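Working notes, beginning with the structure itself.
Please read these numbers as outputs of a predicted model, since none were measured by experiment.
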Amino acid sequence: MKKEFYTLDSFFLESDAQMAKAKLESEGIPAFIWEENLNYHTATSYSRVRLQVYLSQKEEALRVYEEIKSYARDEKGNLIVCPNCKATKSEKYYSRKGLFFKLFPFFESAKYRCMQCNFITRPQQ
């Protein structure tokens, strides 16, 4: 029987994926990290590992994952609001365009990507 998978999220750090995987498995949901060890062998700073669950357990996994997912906040601690769809589910986003930012991503100014509509915006000044 062929198993189909759903990608719950992708992570720059494998350790973040491992923590989310542990939470899902503690709730009885089998989880898998795709390209788990490949991240350490690639020379690019923008490679990501994917956290996957069985498609049949997608809804339950999303419910559990929403409880532990942390979204971007401003300096006052308020959730970032997407100017496009008004959702409060954004994450920090770095485009890493150009060789300099690929080698030194911490020099790039932060932006936010809405997890609902994928709209990218810069922080309010």
Side-chain angles (χ1 to χ4, degrees):
M1 179 169 81
K2 181 180 174 187
K3 296 279 186 178
E4 293 190 28
F5 295 93
Y6 172 76
T7 301
L8 202 56
D9 204 350
S10 57
F11 301 85
F12 285 110
L13 297 174
E14 185 181 336
S15 57
D16 292 340
Q18 290 288 353
M19 288 189 291
K21 177 184 176 190
K23 174 62 177 173
L24 289 166
E25 289 179 341
S26 73
E27 297 285 333
I29 303 168
F32 311 92
I33 298 178
W34 183 255
E35 299 172 341
E36 186 170 11
N37 296 314
L38 183 64
N39 201 28
Y40 294 113
H41 302 295
T42 58
T44 59
S45 61
Y46 54 87
S47 59
R48 296 175 72 110
V49 295
R50 294 180 281 170
L51 178 64
Q52 296 184 323
V53 295
Y54 290 124
L55 188 59
S56 62
Q57 294 183 306
K58 172 185 171 183
E59 297 305 318
E60 186 180 356
L62 285 170
R63 181 189 55 76
V64 171
Y65 187 63
E66 276 294 312
E67 294 173 6
I68 62 170
K69 175 84 173 157
S70 60
Y71 296 105
R73 296 180 178 269
D74 62 13
E75 296 82 28
K76 297 177 185 174
N78 300 321
L79 290 169
I80 301 294
V81 177
C82 175
N84 186 44
C85 70
K86 307 300 183 222
T88 57
K89 296 180 178 181
S90 295
E91 69 177 358
K92 278 200 171 184
Y93 173 80
Y94 298 95
S95 58
R96 294 191 171 122
K97 291 183 179 176
L99 181 61
F100 181 77
F101 291 127
K102 287 180 182 176
L103 294 173
F104 307 104
F106 43 85
F107 284 117
E108 184 179 0
S109 60
K111 296 178 266 317
Y112 298 105
R113 179 174 60 110
C114 177
M115 302 302 292
Q116 188 166 319
C117 70
N118 288 324
F119 186 77
I120 297 171
T121 185
R122 293 193 182 275
Q124 299 294 329
Q125 300 295 343

Is it the case that one hydrophobic cluster holds both Leu24 and Ile68, taking links as side-chain heavy atoms less than 4.5 Å apart, direct or via other members?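 As far as the 4.5 Å side-chain criterion goes, Ile68 and Leu24 are connected within one cluster.
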
Hydrophobic cluster membership, with links at side-chain heavy-atom distances under 4.5 Å among I/L/V/M/F/W/Y: are Leu55 and Val64 in one?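 Linked, Leu55 and Val64 end up in one cluster.
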
Quick one: are [X] and [Y] in side-chain contact, heavy atoms under 4.5 Å?
| X | Y | answer |
| --- | --- | --- |
| Asp16 | Asp9 | no |
| Glu66 | Lys89 | yes |
| Lys69 | Glu91 | yes |
| Phe119 | Pro83 | yes |

Considering all heavy atoms of both residues, which atom of [X] and which atom of [Y] are nearest to each other, and what is their separation?
| X | Y | answer |
| --- | --- | --- |
| Lys21 | Ala31 | CE-O, 3.3 Å |
| Glu14 | Val49 | CA-CG2, 4.0 Å |
| Arg73 | Tyr112 | O-OH, 4.1 Å |
| Gly28 | Pro30 | O-CD, 3.5 Å |

So does Arg63 pair up with Glu67, basic N to acidic O under 4.0 Å?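 A salt bridge links Arg63 with Glu67.
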
Distance from [X] atom [atom1] to [Y] atom [atom2], nearest 0.5 Å?
| X | Y | atom1 | atom2 | value |
| --- | --- | --- | --- | --- |
| Cys82 | Arg113 | SG | CZ | 11.5 Å |
| Leu51 | Phe32 | CG | CZ | 10.0 Å |
| Asn118 | Ser90 | CG | OG | 10.0 Å |
| Leu8 | Leu62 | CG | CG | 5.5 Å |
| Thr88 | Met115 | OG1 | CE | 12.5 Å |
| Phe5 | Lys58 | CZ | NZ | 15.0 Å |

Could you tell me whether Tyr54 and Tyr6 have their ring centroids closer than 6.0 angstrom?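 No: the rings miss the under 6.0 Å criterion.
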
